[in-house]
Student: 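Pasting a structure here, questions to come.
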Amino acid sequence: MIKQFAILFLLVSSLSYSQSVYKEVAKINDSTDYYLEIGLFNKEEKKSISKAILFTEKAISFTKNKQQKTKLGIGYLQLATIYFDIEKNELAIDNYIRAINVFDKKNPTTNLALAYYGLGKCYLKKNKIAVAEIYFEKAASLYEELNFYEAIELINLQRGIINKEKKQFAIASEILKSVIENLSDDTFATTKTEAYFQLGEIEMATGKFTSAIDYYNLANSSNSNNKTDFSISKRIFKQLSVAYEKANNPKQSLVFLKKYSRITDSITTHFYSNASENMVDKTQFDEQLKKIEQLDKEKKSQQKTLRFSKLIFVLSIALISILSLLSFSLYKNNKIRITSNKLLEEKNKELTIEKEKAEQASKARAEFLSTVSHELRTPLNAINGITYLLLQEKPKASQLNYLKSLEFSGSYLLNFINDILEINRLESDKIQVEKINFNLKELIENITTSFKEFIQENNTKCHLTIDSSISEYLKGDPTKLSQIVINLLNNAIKFSKNGDVWFTIKNIEESDETIKLHFEIKDNGIGIPLEKQEAIFDSFSQGSVEINRTYGGTGLGLSIVKKILELMDSTIHLSSESGKGSTFTFELLFDKGQKEVLKSAPMTTVNSENKKVILLVEDNKINQMITQKMLENKGISCVIVDSGEEAIENVKTNQYDLILMDVHLPSMSGTEATTVIRTFDNQTPIIALTAISLNENKETLLSFGMNEVITKPFEPDHFYSVVFEYLAKNE
């Protein structure tokens with residue numbers, strides 16, 4: 001019974017989860033299931049796609065808080081199907097991948113198969129036939145593993161459609177006929193209808209119009225019991241009209257053209273007629289209820305009149321007078337209210353238009369900055385890479401200063417680009433605050449140690465004080481805390497040459513499970529004028545042009561600090577006076593952590609006796625030269641190809657110790673090439689090379705089968721560290 005229900009669910013909803021499935025598992029107090037069900041209702045009943053997305057995203061948010069992985073996967077899967085239905089293919093692909101990453105692959109279920117099936121349909125829409133076939137085969141493999149053989153006919157239907165798109169009509173016809181033959185149960189009427197329809201499409205493509213009409217009529221007959229989904233009938237009637245016209249039968253063509261027109265009009269009529277009937281029933285009920293209440297009041301009034309007729313008469317006259325005045329007043333007020341409401345509606349429309357314009361402008365700005373930052377990384381990789389190679393070749397003393405200046409400029413520009421991307425990421429609401437165990441004292445000491453050289457250059461004394469009562473281990477987001485501290489310390493040291501900087505952390509509130517800390521970074525440097533203090537946290541603001549020229553910097557550090565603290569439910573406070581230094585303070589609440597015993601990882605080395613060969617997939621000639629030279633400097637041989645298609649063929653015929661795969665390649669992207677390679681080679685490590693943008697993240701890239709990600713421009717030590725680590729693993 002469960003298997004039969006699952007088949008019916010798969011066929012009817014096309015990857016949408018039916019409401020009845022959620023009702024079986026929903027609990028009254030479970031917000032996750034409630035929002036999933038409301039989202040699905042709005043999607044399936046065609047109420048509101050925006051509400052369907054909103055409630056599904058709320059369900060995902062609740063599930064993340066409760067750490068329920070299975071329901072999180074279901075949420076991503078439902079969101080993916082919504083985006084697929086409204087033809088937002090890229091968003092659908094992103095959420096299908098998130099669902100696959102969440103679901104337990106060691107104990108697979110039909111949900112995981114549905115996600116693979118959905119990805120296949122997405123790539124089929126993009127005409128990425130090779131990638132689509134891979135995901136359909138993964139779905140079929142899971143259904144076989146789950147003994148869910150009936151659902152494989154859905155995969156076969158897609159195989160038939162793929163062969164039709166490849167114009168392999170004979171193979172496509174054979175597959176589609178097999179699907180029809182194997183699906184004898186009425187449960188599979190929707191799939192049989194689609195198979196007949198696709199056979200008709202093949203006959204149309206080959207000019208066999210009479211045969212095409214026969215298949216379209218079979219599709220119409222198979223669909224005759226489907227009274228609610230008008231979209232299937234619309235497609236059939238439209239193609240029958242075209243086929244009869246091609247077959248020189250204009251009379252029948254006109255018949256089906258009229259049917260197509262009527263069914264299009266009936267969609268709207270059907271919905272509103274039901275709504276109208278329900279409205280009439282409710283109105284009649286309300287009127288009857290009012291009559292009953294009125295009769296009851298009149299009866300009581302008559303009983304009182306018999307006892308106190310004279311008094312009631314006087315009171316009635318007074319009451320009628322008051323009610324008359326009140327009615328007149330209400331009438332006037334109502335007219336005023338209607339006029340006011342109209343004005344408010346007009347103003348609301350104006351405000352909505354302005355809000356949408358502002359949102360579009362903000363989105364355009366973010367996309368522009370992200371694109372510029374991303375595109376700058378490629379030439380910057382060339383600048384930094386060539387500078388690094390020249391410094392390794394023992395330049396003359398006269399050349400060394402020029403190269404050092406070039407290296408500094410490249411690093412400065414890279415920091416600037418990274419800050420721009422960080423601002424865009426923070427403003428895009430794509431940042432999640434983590435809660436992981438970390439050693440606070442160790443983290444802060446490592447940060448201050450990293451400033452040692454900068455402190456010496458500025459002749460600054462740095463005083464660090466951490467309250468001894470603070471727990472050594474806390475739970476929070478150490479990465480974001482590091483960003484805050486690094487930006488504030490950097491400013492304090494930079495603007496306090498020959499001065500002092502005080503960094504203090506105090507315990508201000510503590511319970512058995514949590515601790516609240518007060519952070520203060522103080523300096524006795526140049527200070528900030530009062531009139532500049534409010535604007536100092538805006539992007540690209542440093543107080544004045546003179547400060548920017550004298551001290552340098554991007555003017556983004558304090559803006560990043562403010563936005564990160566807002567994400568962490570905190571606020572940055574500033575106290576400063578020109579010429580007397582500045583004090584920045586903020587407070588953060590942490591859960592108490594526990595000491596972790598960390599095992600030191602063994603040093604990875606590469607056997608120098610074995611010659612290592614790496615395949616570099618890169619279309620930029622300068623990047624090819626730089627990467628090849630860096631590898632050859634370490635005694636590593638490098639084979640270069642400049643497209644994803646060449647990479648696939650090369651890996652099929654050659655053995656490599658490692659593959660360096662550029663993500664952004666012409667024609668076939670690096671992620672698509674990796675997906676294909678992983679169908680026949682799961683051993684060779686693949687490292688992604690990317691000038692990562694606002695919309696890319698490591699999690700998504702790894703989901704395509706890549707082992708690690710290196711960001712352009714390369715930081716040489718990090719580049720070598722990652723390469724040697726995976727070469728050592730592959731020995």
Student: Answer yes or no: is there a side-chain heavy-atom contact under 4.5 Å between Ser61 and Glu57?
Tutor: no
Student: By salt bridge (Lys or Arg N to Asp or Glu O under 4.0 Å), which residues pair with Asp523, not counting sequence neighbours?
Tutor: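 Asp523: no salt bridge (Lys or Arg N to Asp or Glu O under 4.0 Å) contacts found.
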Student: Answer yes or no: is there a side-chain heavy-atom contact under 4.5 Å between Ile686 and Arg678?
Tutor: yes
Student: List the residues meeting side-chain hydrogen bond (donor to acceptor under 3.5 Å, both in side chains) with Thr675, not counting sequence neighbours, and say none if there are none.
Tutor: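 Partners of Thr675 by the side-chain hydrogen bond (donor to acceptor under 3.5 Å, both in side chains) criterion come out as none, since no residue qualifies.
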Student: With no hydrogens and no angle check, is any side-chain donor or acceptor of Ser669 less than 3.5 Å from a backbone partner on Leu665?
Tutor: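 Between the backbone of Leu665 and the side chain of Ser669 there is no qualifying donor-acceptor contact (under 3.5 Å).
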Student: Identify whether the distance between the nearest side-chain nitrogen and carboxylate oxygen of Lys712 and Glu618 falls below 4.0 Å.
Tutor: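 Here Lys712 pairs with Glu618 in a salt bridge, since their nearest N and O are under 4.0 Å apart.
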Student: Within the 3.5 Å criterion, strictly below it, is a donor on Asn507 or Asp467 matched to an acceptor on the partner's side chain?
Tutor: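 Absent: no donor and acceptor within the cut-off.
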Student: Mind checking the CG-NZ spacing from Leu727 to Lys729? Nearest 0.5 Å is all I need.
Tutor: 11.5 Å
Student: Backbone N or O of Asp657 within a donor-acceptor pair of the Tyr726 side chain at under 3.5 Å?
Tutor: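 No.
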Student: Do Ile508 and Leu517 have side-chain heavy atoms sitting under 4.5 Å apart?
Tutor: no
Student: Return the OG to NZ distance between Ser582 and Lys522, rounded to the nearest 0.5 Å.
Tutor: 11.0 Å
Student: Under 3.5 Å, side chain of Asp477 to main-chain N/O of Glu434, donor-acceptor pair present?
Tutor: yes
Student: Minimum heavy-atom separation for Ile521 and Ala492, please, with both atom names.
Tutor: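 Scanning both residues, the minimum pair turns out to be CG2-CB, 4.0 Å.
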Student: Determine yes or no for a side-chain-to-main-chain donor-acceptor pair under 3.5 angstrom, with Thr460 supplying the side chain and Asp500 the backbone.
Tutor: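 Flag not set: sc Thr460 to bb Asp500 has no pair under 3.5 Å.
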Student: Using a strict cut-off of less than 4.0 Å between a Lys/Arg side-chain nitrogen and an Asp/Glu carboxylate oxygen, indicate whether Asp591 and Lys435 qualify as a salt bridge.
Tutor: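 Salt bridge: yes.
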Student: Nearest 0.5 Å please: distance from the CG atom of Leu660 over to the CD1 atom of Ile710.
Tutor: 6.5 Å
Student: Any heavy-atom pair between the side chains of Glu715 and Asp717 that's under 4.5 Å?
Tutor: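 Result yes, sub-4.5 Å side-chain heavy-atom pair found.
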Student: Which heavy atom of Val102 sits nearest a heavy atom of Gly73, and at what distance?
Tutor: CG1-N, 3.6 Å
Student: Check the pair Asp662 / Val617 against side-chain contact (heavy atoms from CB on, under 4.5 Å), numbers first and verdict last.
Tutor: CA-CA 6 Å; Asp662 185 25; Val617 189; 5.6 Å; no
Student: Any side-chain to backbone donor/acceptor pair from Asn459 onto Ile455? Under 3.5 Å, distance only.
Tutor: no
Student: When rounded to the nearest 0.5 angstrom, what distance separates OG1 in Thr448 from NE2 in His463?
Tutor: 13.0 Å
Student: Report yes or no: does Arg98 contribute a side-chain atom to a donor-acceptor pair with the main-chain N or O of Tyr76 at less than 3.5 Å?
Tutor: no
Student: If every non-hydrogen atom of Ala115 is compared with every non-hydrogen atom of Ala99, which pair is closest and at what distance?
Tutor: CB-CB, 4.5 Å
Student: So, are Glu587 and Lys516 salt-bridged, with charged N and O less than 4.0 Å apart?
Tutor: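 Between Lys516 and Glu587 there is a salt bridge, with a charged N closer than 4.0 Å to a carboxylate O.
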Student: Return the set of residues passing salt bridge (Lys or Arg N to Asp or Glu O under 4.0 Å) with Glu510 (not counting sequence neighbours), or none when no residue passes.
Tutor: Lys592
Student: Measure from the side-chain N and O atoms of Ser511 to the backbone N and O of Thr514, and report whether any donor-acceptor pair falls under 3.5 Å.
Tutor: yes
Student: Is it the case that over 12 heavy atoms from other parts of the model lie below 6.0 angstrom from the NZ atom of Lys88?
Tutor: no
Student: Determine the minimum heavy-atom distance between Tyr473 and Asn437, stating which atoms define it.
Tutor: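 Distance-wise, the nearest heavy atoms are CD2-ND2, 3.8 Å.
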Student: For Tyr720 and Met630, indicate whether the former's side chain and the latter's backbone hold a donor-acceptor pair under 3.5 Å.
Tutor: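 Side chain of Tyr720 to backbone of Met630, a donor-acceptor pair under 3.5 Å: yes, one is there.
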Student: Do Asn491 and Leu558 have side-chain heavy atoms sitting under 4.5 Å apart?
Tutor: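 Side-chain contact under 4.5 Å: yes.
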Student: Closest approach of Phe438 and Lys475, non-hydrogen atoms and distance?
Tutor: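 Closest heavy-atom pair between Phe438 and Lys475: CE2-C, 4.1 Å.
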Student: Name the orientation class of the two ring planes belonging to Phe454 and Phe451 (parallel below 30°, tilted from 30 to 60°, perpendicular beyond 60°).
Tutor: tilted
Student: Backbone N or O of Gly581 within a donor-acceptor pair of the Asn524 side chain at under 3.5 Å?
Tutor: no
Student: What heavy-atom pair brings Ile515 and Ser471 nearest, and what distance separates the two atoms?
Tutor: CD1-N, 4.3 Å
Student: Distance check, rounded to the nearest 0.5 Å: Leu488 atom CG versus Gln483 atom CD?
Tutor: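 Leu488 atom CG to Gln483 atom CD measures 11.5 Å (nearest 0.5 Å).
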Student: What do the steps show when you test Lys612 against Leu631 for side-chain contact (heavy atoms from CB on, under 4.5 Å), and what is the final call?
Tutor: CA-CA 10 Å; Lys612 299 295 180 181; Leu631 293 172; over 6 Å; no
Student: Under 3.5 Å, is there a donor-acceptor pair between the Thr56 and Gln78 side chains?
Tutor: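 Short answer, yes.
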Student: With sequence neighbours excluded, what pairs up with Phe519 under the ring-ring contact (aromatic ring centres under 6.0 Å, His included) test?
Tutor: Phe586
Student: Working to the nearest 0.5 Å, report the span between OG of Ser496 and CD1 of Ile526.
Tutor: 8.0 Å
Student: Are any side-chain N or O atoms of Asn490 and backbone N or O atoms of Ile486, one a donor and one an acceptor, separated by less than 3.5 Å?
Tutor: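 Answer holds: no.
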Student: For Ile687 and Ile659, what are the C-alpha separation, side-chain angles and deciding distance, and is it a side-chain contact (heavy atoms from CB on, under 4.5 Å)?
Tutor: CA-CA 6 Å; Ile687 297 176; Ile659 300 171; over 6 Å; no
Student: What verdict does the side-chain contact (heavy atoms from CB on, under 4.5 Å) test give for Leu689 and Val663, after you've listed the backbone C-alpha separation in whole Å, the side-chain angles of each residue and the deciding distance to 0.1 Å?
Tutor: CA-CA 6 Å; Leu689 306 177; Val663 172; over 6 Å; no
Student: Using the test salt bridge (Lys or Arg N to Asp or Glu O under 4.0 Å), find all partners of Glu445 that sit at least two apart in sequence or belong to another chain.
Tutor: none
Student: For Lys64, give me all partners under salt bridge (Lys or Arg N to Asp or Glu O under 4.0 Å), at least two apart in sequence or on another chain.
Tutor: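 Lys64: no salt bridge (Lys or Arg N to Asp or Glu O under 4.0 Å) contacts found.
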